Amino acid sequence: LTTSKGQPTGAIFGLLNMLRQIQRTRKPDLIAVVMDAPGPTFRDELYAEYKATREKMPDELQSQIGPLLAMVRALGLPLLLGGLLVDRVMPAAVPGRTALVWGNGLLAGLLLLPLLIKLIDSAGAALSFSTIALTVAALIVLLALARRWTVARGPGQPPAEPANPRLSAQQQALLVLLVLLVVLRLVTLGLELVWRPLFPWDATTHWATKARVWFEYNRIVPFVTKDAWWEIGGAGIFTDLHPHYPVAVPLLQVWMNLALGRWDESLMNLPWLLCLIALGSALYGQLRVSGISAVIAMASGLKQKIATSGV
């Protein structure tokens, strides 16, 4: 499994798919990703022969570790930011609350991130992964402290989410089938995202043009109409077919490439796949709030994923 430029992506795709599967099936409140640091660990002290017979990590797998950690950071920070923000305003005891919080939270995080990038650029700071990540992390810490302060001042434990009615064996089987269909659809979309090259129309039209220029310049430089470009000209002035299109999409692409530390025209579109997952989760949660059963809500979420995946 490689990108159109030959970069191995099998491990990256596999881990991200497992994280999505865990979030969808287990519905955890928090997810942590921990990896061994380079060099000896406490396991070597406990057992001298630890990894003694293990062969060296293949180069194809080794080359994916850096991008894999970059993807986890790039996608996890907006998820935490938006999730904590939505958690502040979501009632404590509603059906499907977890899906509502993290579905809407991911969408909110992906919408807030371009606004933060624009603010950082307006302040005159260069666009770098560390600057943007530290800004997002600071907001996450403030929201986490506010949540802790609210819980501490509250009257005891918040009410629990209402228990779901027990499903029959047929409903459980149908629910499992629907989950498998959702996973299959996400896998095929993920493969398309990894394998698809940057088409000429996108490379010259509106989104990728701005993302590439802003990534190279580390700042948001102006795009103007072709007539204005001919009149102004000069370095630092650019044009494409749609210079006034909204900047959220190219800024998300810039963010992904800053996280990777290089230009990658395939992985930079990963937020699109997460938007699809977030929309399905939010729809599922909203239907559960409306009293729809889990099976029908999951079927509606699957229909939404199929309907919007070609947009």
Side-chain angles (χ1 to χ4, degrees), residues 70-89 102-144 146 198 202-226 228-229 232 234-276 278-279 282 311:
M71 292 296 97
V72 170
R73 291 192 296 264
L75 300 174
L77 287 172
L79 174 61
L80 283 174
L81 176 62
L84 288 172
L85 187 62
V86 173
D87 181 71
R88 294 277 299 166
V89 299
W102 295 110
N104 288 301
L106 179 54
L107 290 173
L110 292 175
L111 290 174
L112 286 172
L113 187 61
L115 295 177
L116 292 175
I117 294 175
K118 289 190 68 176
L119 287 174
I120 292 171
D121 180 77
S122 299
L127 298 182
S128 66
F129 178 77
S130 59
T131 301
I132 301 170
L134 287 174
T135 303
V136 176
L139 292 175
I140 290 172
V141 170
L142 290 176
L143 286 170
L198 184 64
D202 193 23
T204 59
T205 305
H206 40 257
W207 288 335
T209 49
K210 298 177 181 65
R212 184 60 188 262
V213 171
W214 297 343
F215 172 73
E216 297 293 343
Y217 275 70
N218 291 113
R219 60 188 179 93
I220 302 175
V221 297
F223 272 72
V224 298
T225 63
K226 291 185 177 180
W229 185 83
I232 302 172
I237 304 295
F238 296 87
T239 186
D240 58 15
L241 294 181
H242 301 102
H244 303 304
Y245 262 34
V247 299
V249 171
L251 285 179
L252 286 174
Q253 292 175 330
V254 170
W255 164 250
M256 298 302 294
N257 285 303
L258 288 174
L260 287 167
R262 57 180 171 80
W263 175 259
D264 192 305
E265 58 199 33
S266 295
L267 294 179
M268 72 178 185
N269 292 314
L270 194 56
W272 284 112
L273 185 60
L274 292 191
C275 282
L276 181 63
L279 286 171
V311 176

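Position 1 is the first residue of the sequence, and the numbers go up from there. All values reported here derive from a predicted model rather than from experimental measurement.
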A.B. asks: Does a side-chain heavy-atom distance below 4.5 Å link Thr135 with Leu119?
C.D. replies: no
A.B. asks: To the nearest 0.5 Å, what is the distance between NZ (Lys210) and OH (Tyr245)?
C.D. replies: 9.0 Å
A.B. asks: Could you report the tightest heavy-atom contact between Cys275 and Leu110, atom names first, then the distance?
C.D. replies: SG-CD1, 3.5 Å
A.B. asks: Ignoring hydrogens, what is the shortest heavy-atom contact between Pro78 and Leu113? Give both atom names and the distance.
C.D. replies: CG-CD2, 3.9 Å
A.B. asks: At their closest point, which heavy atom of Trp207 faces which heavy atom of Pro250, and how far apart are they?
C.D. replies: O-CB, 3.6 Å
A.B. asks: Any idea which heavy atoms bring Ala278 and Gly103 closest together, and the distance?
C.D. replies: CB-O, 3.3 Å
A.B. asks: Between Leu127 and Leu258, which heavy-atom pair has the shortest distance, and what is it?
C.D. replies: O-CD2, 3.8 Å
A.B. asks: What's the separation between atom CG in Leu112 and atom CG in Leu139, rounded to the nearest 0.5 Å?
C.D. replies: 8.5 Å
A.B. asks: What's the separation between atom CG in Asn104 and atom CG in Leu279, rounded to the nearest 0.5 Å?
C.D. replies: 9.0 Å
A.B. asks: Minimum heavy-atom separation for Trp263 to Met268, with atom names?
C.D. replies: CH2-SD, 3.6 Å
A.B. asks: Hey, does the side chain of Asn257 reach the backbone of Gln253 with a donor-acceptor pair shorter than 3.5 angstrom?
C.D. replies: yes
A.B. asks: Distance check, rounded to the nearest 0.5 Å: Leu84 atom CG versus Leu143 atom CG?
C.D. replies: 5.5 Å
A.B. asks: State which residues pass ring pair (Phe, Tyr, Trp, His ring centres under 6.0 Å) with Tyr217; sequence neighbours excluded, sorted by chain then number.
C.D. replies: Phe238
A.B. asks: How long is the gap from CG on Leu142 to CG on Leu85, to the nearest 0.5 Å?
C.D. replies: 12.0 Å
A.B. asks: Relative to each other, are the rings of Trp214 and Phe223 parallel, tilted or perpendicular (30° and 60° limits)?
C.D. replies: perpendicular
A.B. asks: Could you check whether any side-chain N or O of Trp255 sits under 3.5 Å from a backbone N or O of Pro114, counting only pairs where one atom can act as donor and the other as acceptor?
C.D. replies: no
A.B. asks: Strictly distance-based, threshold 3.5 Å: is any side-chain N or O of Asp121 a donor or acceptor partner for the main-chain N or O of Ile220?
C.D. replies: yes
A.B. asks: Is a side-chain N or O of Arg73 found less than 3.5 angstrom from the main chain of Phe129, in a donor-acceptor match?
C.D. replies: no
A.B. asks: Set out, in order, the CA-CA distance, both residues' side-chain angles and the distance that settles side chain to side chain contact (heavy atoms under 4.5 Å, CB included) for Trp272 and Val249, then state yes or no.
C.D. replies: CA-CA 9 Å; Trp272 284 112; Val249 171; 3.7 Å; yes
A.B. asks: With rounding to the nearest 0.5 angstrom, report the CG to CG distance, Leu274 to Leu107.
C.D. replies: 10.0 Å
A.B. asks: Within a strict 4.5 Å, meaning less than it, do heavy atoms of the Pro243 and Thr225 side chains meet?
C.D. replies: yes
A.B. asks: When Met256 is tested against each of Leu267, Leu270, Leu251 for side chain to side chain contact (heavy atoms under 4.5 Å, CB included), which residue passes?
C.D. replies: Leu270
A.B. asks: Please evaluate residues Ile117 and Val247 with respect to the criterion side chain to side chain contact (heavy atoms under 4.5 Å, CB included), reporting the C-alpha separation (whole Å), side-chain torsions for both, the decisive distance (0.1 Å), and the verdict.
C.D. replies: CA-CA 10 Å; Ile117 294 175; Val247 299; over 6 Å; no
